[in-house]
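Report on the structure given below.
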Amino acid sequence: MSRYETSEVEPKWQEKWDAAQVFEAKVDPNRPKYYVLEMFPYPSGRIHIGHVRNYTMGDVIARYKMSCGFSVLHPMGWDAFGMPAENAAMASGGHPKDWTYANIDVMRGQMKPLGLSIDWTREFATCDLEYYGQQQALFLDMLDAGLVYRKKAVVNWDPVDMTVLANEQVEDGKGWRSGAEVERKELTQWFFAISSMADELLEAIGDLDDWPPKVKLMQENWIGKSRGLQFGFERVDGGDPIEVYTTRPDTLNGASFVGISPGHPIAKAMAEENPEVAAFIKEASKGGTTAEAVEKAEKLGYDTGLRVKHPLNPDWELPVWIANFILMDYGTGAIFACPAHDQRDLDFCRKYDLPVIDTFFGLEDATPVEAEAFVPTKTERVRWVDHFAGLDIATGEEAIEATIDFAEAAGWGKGVEQFRLRDWGLSRQRYWGCPIPVVHCATCGVVPEKKENLPIALPDDVSFDVPGNPLDRHPAWRDATCPTCGGAAQRETDTMDTFVDSSWYYARFTAPRATTPTDMAEVDYWMNVDQYIGGIEHAILHLLYSRFFARAMQVTGHLPESAKEPFNALFTQGMVTHAIFKTTGADGRPKYHYPEEVELREGKGFLEDGTEVDIIPSAKMSKSKNNVVDPQAIIAQYGADTARWFVLSDSPPERDVEWTASGAEASYKHLQRVWRIASDVARADRAANDADAELLRAMHKTIQEVTQAIDGFAFNAAVAKLYGFTNTLNKSDAGAEARRIACRTLAQLMSPMTPHLAEEIWALLDGEGFVLNAEWPKADPAMLVEDTITLPIQINGKRRSELKIAKDLPKDEVEKLALADEAVVKALDGGTPKKLIVVPGRIVNVVI
RNA sequence: GCCCCCUUGGCGGAAUGGUAGACGCUGAAGACUUAAAAUCUUUUGCCUUCGGGCGUGCCGGUUCGAGUCCGGCAGGGGGCACCA
């Protein structure tokens, strides 16, 4: 018998699949469709073992569904715009385009040997002109529909690199590349009106039955709906009332001052007249916009001198302060502060010596607030000091509703809903992104390009030797004609956030060469994505943006109503981790060792010279820690099937799996063993015998268990059942024919996970055609029924004995047998049991 | 600070409220071999006076029966965070 050579077998089957075009998705009205999609990769340069796990999971589903008779769409593409390409160009010359497409070629070359069932004819990169041109068309339609608009917004600005930075690019208040102090700058930018759909996006989460509850919860929190009261404070000077929003209107009697954001119209108006106010506003705007920067920032306030009247008592005047912690884009940009029941307000009041008024106390303790605000949960009952709506003891929730009712009845305020979700700023002052298809005309203002002028292509002749956006200093590209007046105009030089690219690619895969963003016939057939698979890190932004885009595409006629929730089912897979091997160098710095340098003995690791290394298990793979597993090396050593089998085994798919050399080795040995068993089966000539039925029964049980496991995304369980059945088959004395049937079924059940080995065995055992085209085996219910079963007997809930009985033995017979059991007789010691519980087919419990 | 999740042998993990530890790794013993590799077989939660006893982070509850359900605590992880 020959050894199973993966380096020969795997390419052989890949060529055969290609030649037969088995993975090309075809619209077939006579068959149900199934669309499985893994989040497409960023072409960073090389694939990662985490990619292997991600795509293998999708492949298992895709191949399984093919065998179940579905017309399957399983595409792949590249999320190809973004900063790393520009950074590479800045660091080592070259062009982002060349860098990106070269990376794509390398990564495609690394992915193909995995034998994934991908329809490569649909491949595209988001930096393909064909793709981003359609994205521009989509943008224009959204502009038309009022879903895109321009407004001023505060951004992190790096004055050295002359660019806007994302929050995660600000480290310690400094730009991550330049090290320059980051400024907050107000720029006019483009926004998607995602918050206009906040309620809809929140409500629809309830229907996402096959999404992880965790992701749904994260999105709910992100959208952040709250209910509160909006009302106006009348100004003593007779100016327009100051509108405030509060979720705790019940604490109105604890009001200490009215606060407005530095960006509030009143503050801005004052700044124009009063240099002191202007200076304060400038001071208050310092620092980054990151959570960290915000947390460290000290509370700053400026007393405007304005006074407003308390709505419940016209004689009570409150001062109006400008405060740096009040956000302009949440609520009305103005608040009333209740320091007794809000820590932030309290800090501010203590600093500026403003009054602190308790409005309620705990039921047990009426100590006035000192340094710590009293903030009970809204469901906790508290005692009110003097509540205007007449409450004495009530929860916060009750008091809030009572106050809103009271204010509405009195006509000075109304209950409103607010969302935390902000509009999505999409402008990026970058080159390597989709150009925003508008021009700036001196006469007509901001004018959208005409669709017939699309695509607006990025110019190729750019350089990155000077900081800033190359599009800004490319006059030939910037110069444009105004589509409205025909006069000279300038192109918008901002490009789109790369999250835009990934917000609709799933729809584009249904018709990747269409001359419109989508093709309705194709979209109607293929959408929605039946199973989407990707990392939990995209739980909020990418998935929320995609949900928004699907709705926007429906509004603009690019998707049907039925596709407005684009992903029917979502699965978030865990990472592949690997131990880090660390020693401490002479200089006291950690030294990281490659796994090949470390010898493992009894759970400890040693270098060649005998030095013991620290083992940090289950660490995220990182080049700097020398613990990256390279898929290409694994495939070269063991083959793709081993890599696929390993990443599916051991750990549940949603959890991290640790790559270990011994585990990979074990997977390899197992697959070799399956091949040996199959070769054995192929040669056997033993006659049919009594063992046949038992083997076939085990086979049907395995069919049922593996099918269930794959359906339930429990790939590790499917692998475990296949191990078990392999052992059963190997030990079985069944006749040649039964063994052939069992082994062919084993190949079928393994085929989604180890497709090459499965094809080879299928062919060896005279299976017809490709195993991937063979109909998925069905478990025969008659074969799942066991004639005799082992029934455990518990005495007082502890297992003490067991009965071997016929499966359908009547209950009273079981009782008799149980009471006659040696262990039971001994325990009863002549007495009678207090209770006897018989659960048919499951258990007997004797209570003494 | 607010919200959420997790905790089972040496390790990864399995168990519709019904035999805890499937399956794999690691370790041990043995077979084959001149030897090694490869392969195969047996074994591997803890304690034990060999009768059995104890065991799913800790404390309590519901139940005939709890890893699973409920309450509290501890540890670990994640999300959000001047959101009024």
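A/Leu791 comes within 4.0 angstrom of nothing in the nucleic acid, heavy atoms only. Looking at heavy-atom distances under 4.0 Å, A/Val839 makes contact with a base. Residue-level contact check: A/Leu217 touches the backbone only, with heavy atoms under 4.0 Å from sugar-phosphate atoms and none from bases.
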Please output the side-chain donor-acceptor pairs of residues 251-262 of chain A that fall under 3.5 Å, not counting sequence neighbours, one pair per line with the distance.
{"unit_1": "A/Thr251", "atom_1": "OG1", "unit_2": "A/Arg248", "atom_2": "O", "d": "2.8"}
{"unit_1": "A/Asn253", "atom_1": "ND2", "unit_2": "A/Asp386", "atom_2": "O", "d": "3.1"}
{"unit_1": "A/Ser256", "atom_1": "OG", "unit_2": "A/Pro355", "atom_2": "O", "d": "2.7"}
{"unit_1": "A/Ser261", "atom_1": "OG", "unit_2": "A/Gly263", "atom_2": "N", "d": "3.1"}
{"unit_1": "A/Ser261", "atom_1": "OG", "unit_2": "A/Ile326", "atom_2": "O", "d": "3.0"}
{"unit_1": "A/Ser261", "atom_1": "OG", "unit_2": "A/Met328", "atom_2": "N", "d": "3.4"}

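In this pair, A/Phe571 and A/Phe713 present their aromatic rings parallel. The plane angle is below 30°, not in the 30 to 60° band. By the 30° and 60° cut-offs, the orientation of the rings of A/Phe348 relative to A/Tyr352 is tilted. Under the 30°/60° scheme for interplanar angles, the aromatic rings of A/Phe581 and A/His578 are found to stand perpendicular.
Classification of B/G51 as syn follows from a glycosidic angle within 90° of 0. Taking syn as a glycosidic angle within 90° of 0, B/G9 qualifies as syn.
For the residue pair A/Asp250/A/Thr403, the side-chain donor-acceptor check at 3.5 Å is not satisfied. Side-chain contact annotation: A/Asp656 with A/Thr577, donor-acceptor N/O pair under 3.5 Å absent.
Taking every side-chain heavy atom of A/Asn324 into account, B/C82 is the closest of B/A84, B/C82, B/C83. Counting only heavy atoms from C-beta on, A/Arg344 has its side chain closest to B/C83 among B/A20, B/G78, B/C83. You'll find that the side chain of A/Asn727 is closest to B/G24, out of B/G24, B/G78, B/G18. Distance from the side chain of A/Tyr723 is smallest for B/C23 among the nucleotides B/A20, B/C80, B/C23. Among the nucleotides B/C80, B/G65, B/C3, the one closest to any side-chain atom of A/Asn845 is B/G65.
Shown here, B/C2 forms a base pair with B/G79; the pair counts as Watson-Crick or G-U wobble because both key distances fall under 3.5 Å. The nucleotide B/G24 finds its pairing partner in B/C11, both defining distances of the Watson-Crick or G-U wobble pair being shorter than 3.5 Å. Across all strands shown, the partner of B/C69 is B/G61, judged by Watson-Crick or G-U wobble contacts whose two distances both fall under 3.5 Å. B/G30: Watson-Crick or G-U partner is B/C40, with both key distances under 3.5 Å.
At whole-Å resolution of the value, CE in A/Met218 and P in B/G79 are 7 Å apart. The OH-C1' distance, from A/Tyr4 to B/A38, rounds to 19 Å in whole Å. What separates NZ of A/Lys351 from C1' of B/C82 is a distance of 14 Å, to the nearest Å.
At a cut-off of 3.5 angstrom, the base of B/C64 holds no donor-acceptor pair with the side chain of A/Lys834.
A/Met575 and A/Arg53 make their closest contact through O-NH1, 3.4 Å (heavy atoms, listed as atom of the first residue, atom of the second, distance).
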Reading nucleotides 9-17 of chain B from 5' to 3' and marking B where a protein heavy atom lies under 4.0 Å of the base, S where only the sugar-phosphate is that close, and - otherwise, the string is ---BSS-B-
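Where A/Ile843 and A/Asp345 meet RNA chain B, the nucleotide closest to each residue was compared, and A/Ile843 sits on the side nearer the 5' end.
Comparing the same atom, P, in B/U63 and in B/C70 gives a spacing of 16 Å after rounding to whole Å. Taking atom C1' on both B/C25 and B/U43, the two are 15 Å apart, rounded to the nearest angstrom. Annotation: B/G13 and B/G45 have their C1' atoms spaced 14 Å apart (nearest Å). Remark: the separation of the C1' atoms in B/U44 and B/G9 is 10 Å, to the nearest Å.
A/Phe325 carries A/Lys299 over the face of its six-membered ring, with the cationic atom under 6.0 Å from the centre and within 45° of the normal.
The six-membered or imidazole ring of A/Trp424 lies away from that of A/Phe499, with a centre-to-centre distance of 6.0 Å or more. Taking the six-membered ring for Trp and the full ring otherwise, A/Trp645 and A/Tyr723 have centroids separated by under 6.0 Å.
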Every protein N/O within reach of nucleotides 53-61 of chain B N/O, cut-off under 3.5 Å:
{"unit_1": "B/G53", "atom_1": "OP1", "unit_2": "A/Arg800", "atom_2": "NH1", "d": "3.2"}

Output a table of nitrogen or oxygen pairs between the protein and nucleotides 40-43 of chain B separated by less than 3.5 Å.
{"unit_1": "B/C40", "atom_1": "OP1", "unit_2": "A/Arg673", "atom_2": "NE", "d": "3.1"}

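Under 4.0 angstrom from either OP1 or OP2 of B/U19 there lies no side-chain N or O belonging to A/Thr790. OP1 or OP2 of B/A84 lies within a sub-4.0 Å distance of a side-chain N or O belonging to A/Tyr330.
The ring pair (Phe, Tyr, Trp, His ring centres under 6.0 Å) test applied to A/Phe374 returns A/Phe360, not counting sequence neighbours.
Applying a 4.0 Å cut-off to non-hydrogen atoms, the residues of residues 661-668 of chain A that approach RNA chain B are A/Ser662, A/Ala666, listed by residue number.
Residues A/Leu300 and A/Lys351 have side chains in contact (heavy-atom distance under 4.5 Å, counting atoms from C-beta outward).
Around the NZ atom of A/Lys414, the shell of radius 6.0 Å holds no more than 12 heavy atoms that belong to other residues, nucleotides or ligands.
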